[in-house]
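A quick write-up on the structure given underneath.
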Amino acid sequence: MQNPLLEFPGLPRFDEIAPEHVTPAIDSLLNDAHAVVTRLEAPMAQVTWDDFIVPLEDATERLARAWGVVSHLNSVADTPELRAAYNENLPKVTEFWTSLSQNLALFDKYKALKSGAGFERFTAARQKIVENALRDFRLGGAELADEQKKQFADIQEDLAALGTRFSENVLDATNEFGLLVDDAAELAGLPDDVMQQARAAAERDGKTGYKFTLHFPSYYPLMQYADNRALRERMYRAYVTRASELGEKADWDNTQNIVSLLRLRKDEAALLGYRNYAEVSLVPKMAQTPQQVICFLEDLAARARPFAEKDMAELRAFASEELGISAIEAWDIPYASEKLREKCYAFSEQEVKQYFPEPQVIGGLFRAIEALFSVRILPDAAPVWHKDVKFFRIEREGQLIGQFYLDLYARNGKRSGAWMDDVRGRHKLADGVQTPAAYLICNFSEPVEKDGQMRPALFTHDDVITLFHEFGHGLHHMLTQVDELAVSGISGVEWDAVELPSQFMENFCWEWDVLQHMTAHADTGAPLPRELFDKMLAAKNFQSGLQTLRQIEFALTDMHLHCDYDPIGSEPFSSVLEDVRRRFAVVIPPPFNRFLHSFSHIFAGGYAAGYYSYKWAEVLSADAYGAFEEAHDASGNILSAEVGGRFLREILAVGGSRPAMQSFVAFRGREPEIDALLRHNGMVA
């Protein structure tokens, strides 16, 4: 019987893939890829695109796609058997990619392409692919001596294993915790639908009462609404000590994993001739130096701090005067903030949530995209990994241009957070064009039963923003018009520009033109009232100073950990975060907070010395959205097909085929300015 992981070029057969398929498929694909590499290492009279790049790309794409499916399942449908298969094959896959990046024979052939007479006749996309490859060979250790290459390869294998272990520890610690509350009186303040979710969670375990977990849709509403302060403190402690020495199991403590990751990254940088890992990380990014990033973040912190101090003073006064909380603690902040928002703006997040049932939200999202980019989004069919996953296609003038899976709800065995990943990229083949496909993953509350009927999932407005954000990544991947795999869609895009389309899409969640078409009250079906929308808009920048400083705190900590912290010195890594907080934060968490132990973005998610990208790209996205605001002022329609078409043409469609700054300037007519970001965040005098 054919191994479903070896089925190309179709979509993954998720209904047939089992853990026992992983090793045979990966071994087969590795053997095929090694054979192609061996053949391409041989001398060539003339190195050409068709004889060299095409066969290498074909062989490595098959491996990357199959391993991508395994990695995806490991993130969304974790089981002991799948985890074992993933961890068994991870070293082999890592070793292959490392050896490929160090292969001097291949490196020399890329150099021959670059220096050859035909290079100037290559398309801009192909020239970019060759230049990116030469850069990546150097970053991959191709120019190291043999003994150093072996050391570099060992580092890559260890880094991959440690990143996986870090992620698994966070997932296991999150999955393990469950708090069962028998007495509903202890849950005073919690909204009905949160109580229904908790009761359903208990029933799934065969228990009575209400079960709360550390998955965000369960954890955060309790922190926002529970009047019971001791209960909030208990949940907070469990959440912020996950995967640390203060957590439930010593086996899940990420302390040594963090130390090892930082040491190995420092060793990798030294081998490559850089002073620190931050310099290595920035080579393929827009930002030039760690100091440039630090100055950018510190400047933004200075602008945000007065607003953050005002936010916190207001919250402390309110908590003391209205809630009887004389000394506000970390576990009081979400609760007091929600109460303050309700007082200032006369609405609650819970009230808003009733207007955002899943079908209306998805329909409104699709409507906005169709209006902006002249496409149609339609239901489609494909095998999926869980019954709740949906599948869609994107068409333009009846032609398929992309497809995507939508997996919206939190569950055990699925890592937390929200993300987009690629199933396959756009690629010109002999018999036509391979269309791109994407995974769009969120962790929202699932539908619950009420009065004997299943009700659609209800989303908070923050959930809606998250959905638009991830869809922005998906559009970048799926609406590309570049036929070269290595720079189509999100491939080859600088990491600090890759958040531009995602953060750009978030802005539409604050537009009446958009929201009025994506709301219907869960009980009455009434659309979002304009009066409530106006209150939401007034509250849009509620505590934006605090939120901005919090992101800067994470970004500066990440940069300093990878730039000027010595992981083999006597200072613990936690001292870096403590120092950043001392200098920039207006809220200092309690000493037992172990945020870094679950900071998967930088220790398991590709954002090492790159977390600043969120703020960097926010400058780009806010300024880009300014073009739509300017058109809106003239025409009254924020969903301008004319400006949307230009954004598609100059940013989404070109993918990584040219530098992101060139794409931005082509769209906006100038380089980005920070003013729009400050204005959007209400941080102007």
Side-chain angles (χ1 to χ4, degrees), residues 8-12 33 36 40 47-66 68 106 109-110 113-114 116 118-136 284 373-376 380 393-404 420-439 472-494 497-498 500-501 644-660 662-663 666-667:
F8 303 96
L11 293 161
V36 171
L40 294 175
V47 183
T48 68
W49 187 273
D50 289 343
D51 292 340
F52 173 58
I53 301 282
V54 171
L56 182 62
E57 201 171 59
D58 288 348
T60 54
E61 190 209 4
R62 286 164 60 89
L63 173 64
R65 277 176 55 187
L106 301 185
K109 287 184 169 63
Y110 273 102
L113 275 178
K114 175 74 192 284
F119 184 75
E120 295 304 320
R121 293 194 296 275
F122 281 179
T123 62
R126 288 190 173 183
Q127 289 184 9
K128 186 81 161 42
I129 288 169
V130 173
E131 287 160 356
N132 286 356
L134 292 171
R135 175 200 70 200
D136 294 343
F373 305 121
S374 304
V375 296
R376 289 202 69 208
D380 205 348
R393 64 194 280 118
I394 304 179
E395 294 181 356
R396 181 178 286 115
E397 295 174 355
Q399 288 288 110
L400 174 69
I401 56 174
Q403 292 162 296
F404 61 95
M420 170 267 167
D421 206 350
D422 66 315
V423 184
R424 67 182 187 203
R426 182 180 167 101
H427 193 190
K428 185 76 173 287
L429 303 170
D431 57 352
V433 174
Q434 171 179 287
T435 52
Y439 305 115
H473 285 308
L475 293 171
H476 204 181
H477 180 64
M478 292 183 286
L479 299 188
T480 186
Q481 290 298 300
V482 178
D483 290 332
E484 304 292 351
L485 191 64
V487 290
S488 75
I490 56 171
S491 298
V493 177
E494 297 97 316
V498 86
L500 161 57
R646 198 165 79 243
F647 188 81
L648 170 65
R649 197 165 56 250
E650 301 295 356
I651 291 179
L652 300 180
V654 299
S657 66
R658 68 182 177 193
Q662 284 184 22
S663 295
F667 170 68

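When reading the values below, keep in mind they use all heavy atoms of this one structure, side chains included, and skip hydrogens, waters and symmetry mates.
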(message) Do I394 and F373 have side chains that approach each other closer than 4.5 Å (heavy atoms only, starting at C-beta)?
(response) no
(message) Can a donor-acceptor pair be found, under 3.5 Å and without considering hydrogens, that links the side chain of H473 to the backbone of I490?
(response) no
(message) Looking at every heavy atom in both P501 and F647, which two are closest together, and how far apart are they?
(response) CA-CZ, 4.4 Å
(message) So, taking the atom named NZ in K428 and the one named OG in S488, what distance separates them when rounded to the nearest 0.5 Å?
(response) 13.0 Å
(message) Around atom CZ of R396, are there more than 12 heavy atoms from other residues, nucleotides or ligands closer than 6.0 Å?
(response) yes
(request) Side-chain contact test, heavy atoms from C-beta onward, threshold under 4.5 Å: evaluate it for V423 versus P12 and give yes or no. (result) yes
(request) Could you tell me the separation between the CD atom of E120 and the NZ atom of K114, rounded to the nearest 0.5 Å? (result) 8.5 Å
(message) With a 4.5 Å cut-off on side-chain heavy atoms, are R426 and L485 touching?
(response) no
(request) Nearest 0.5 Å please: distance from the CG atom of L652 over to the CZ atom of R646. (result) 13.0 Å
(request) Tell me, with the steps shown, if V54 and D58 meet side-chain contact (heavy atoms from CB on, under 4.5 Å). (result) CA-CA 6 Å; V54 171; D58 288 348; 3.8 Å; yes
(request) Could you check if a side-chain atom of D422 sits within less than 4.5 angstrom of a side-chain atom of P436, using non-hydrogen atoms only? (result) no
(message) Does this structure show an ion pair linking E650 with R658, if we count only N-O contacts that are shorter than 4.0 Å?
(response) yes
(request) Please answer whether the main-chain N or O of A653 pairs with a side-chain N or O of T480 as donor and acceptor at a distance below 3.5 Å. (result) yes
(message) Testing the basics here: between W49 and L113, what is the closest heavy-atom pair and its distance to 0.1 Å?
(response) N-CD2, 4.2 Å
(request) Using modelled atom types only, decide if a donor and an acceptor are shared between the side chain of Q127 and the backbone of F119 within a distance under 3.5 Å. (result) yes
(request) Would you name the heavy atoms of E494 and P659 that are closest together and state the gap between them? (result) OE2-CA, 3.6 Å
(request) For residues Q403 and D380, determine if any side-chain heavy atom of one lies less than 4.5 Å from a side-chain heavy atom of the other. (result) yes
(request) Determine yes or no for a side-chain-to-main-chain donor-acceptor pair under 3.5 angstrom, with R135 supplying the side chain and V130 the backbone. (result) no
(request) First locate atom CG of L475, then atom CG of L479, and finally report the distance between them rounded to the nearest 0.5 Å. (result) 5.0 Å
(message) Quick check: do R376 and E397 have side-chain heavy atoms less than 4.5 Å from each other?
(response) no
(message) Distance alone, cut at 3.5 Å: any donor-acceptor contact between the side chains of R424 and T435?
(response) yes
(request) Decide ring-ring contact (aromatic ring centres under 6.0 Å, His included) for Y439 and F404; before the verdict, give the C-alpha distance in whole Å, the side-chain angles of both, and the deciding distance to 0.1 Å. (result) CA-CA 6 Å; Y439 305 115; F404 61 95; over 10 Å; no
(request) Would you indicate whether the side-chain heavy atoms of E395 and I401 approach each other to under 4.5 Å? (result) no
(request) Kindly say whether L40 contributes a backbone atom to a donor-acceptor pair with the side chain of K109 at under 3.5 angstrom? (result) yes
(request) For the pair H476 and V493, evaluate side-chain contact (heavy atoms from CB on, under 4.5 Å) and give the outcome as yes or no after the intermediate values. (result) CA-CA 10 Å; H476 204 181; V493 177; 3.9 Å; yes
(request) Verify, without hydrogens or angle tests, whether S657 (side chain) and V487 (backbone) share a donor-acceptor contact under 3.5 angstrom. (result) no
(message) Can a donor-acceptor pair be found, under 3.5 Å and without considering hydrogens, that links the side chain of E484 to the backbone of H427?
(response) no
(request) Please confirm whether the backbone N or O of G425 pairs with a side-chain atom of Q434, one donor and one acceptor, at under 3.5 Å? (result) yes
(message) Give me the atom names and distance for the closest heavy-atom approach of A125 to V482.
(response) CB-CG1, 4.3 Å
(message) Using every non-hydrogen atom in the two residues, find where H477 and A437 come nearest and quote the distance to one decimal.
(response) NE2-O, 3.1 Å
(message) Between Y110 and L56, is there a side-chain heavy-atom distance shorter than 4.5 Å?
(response) yes
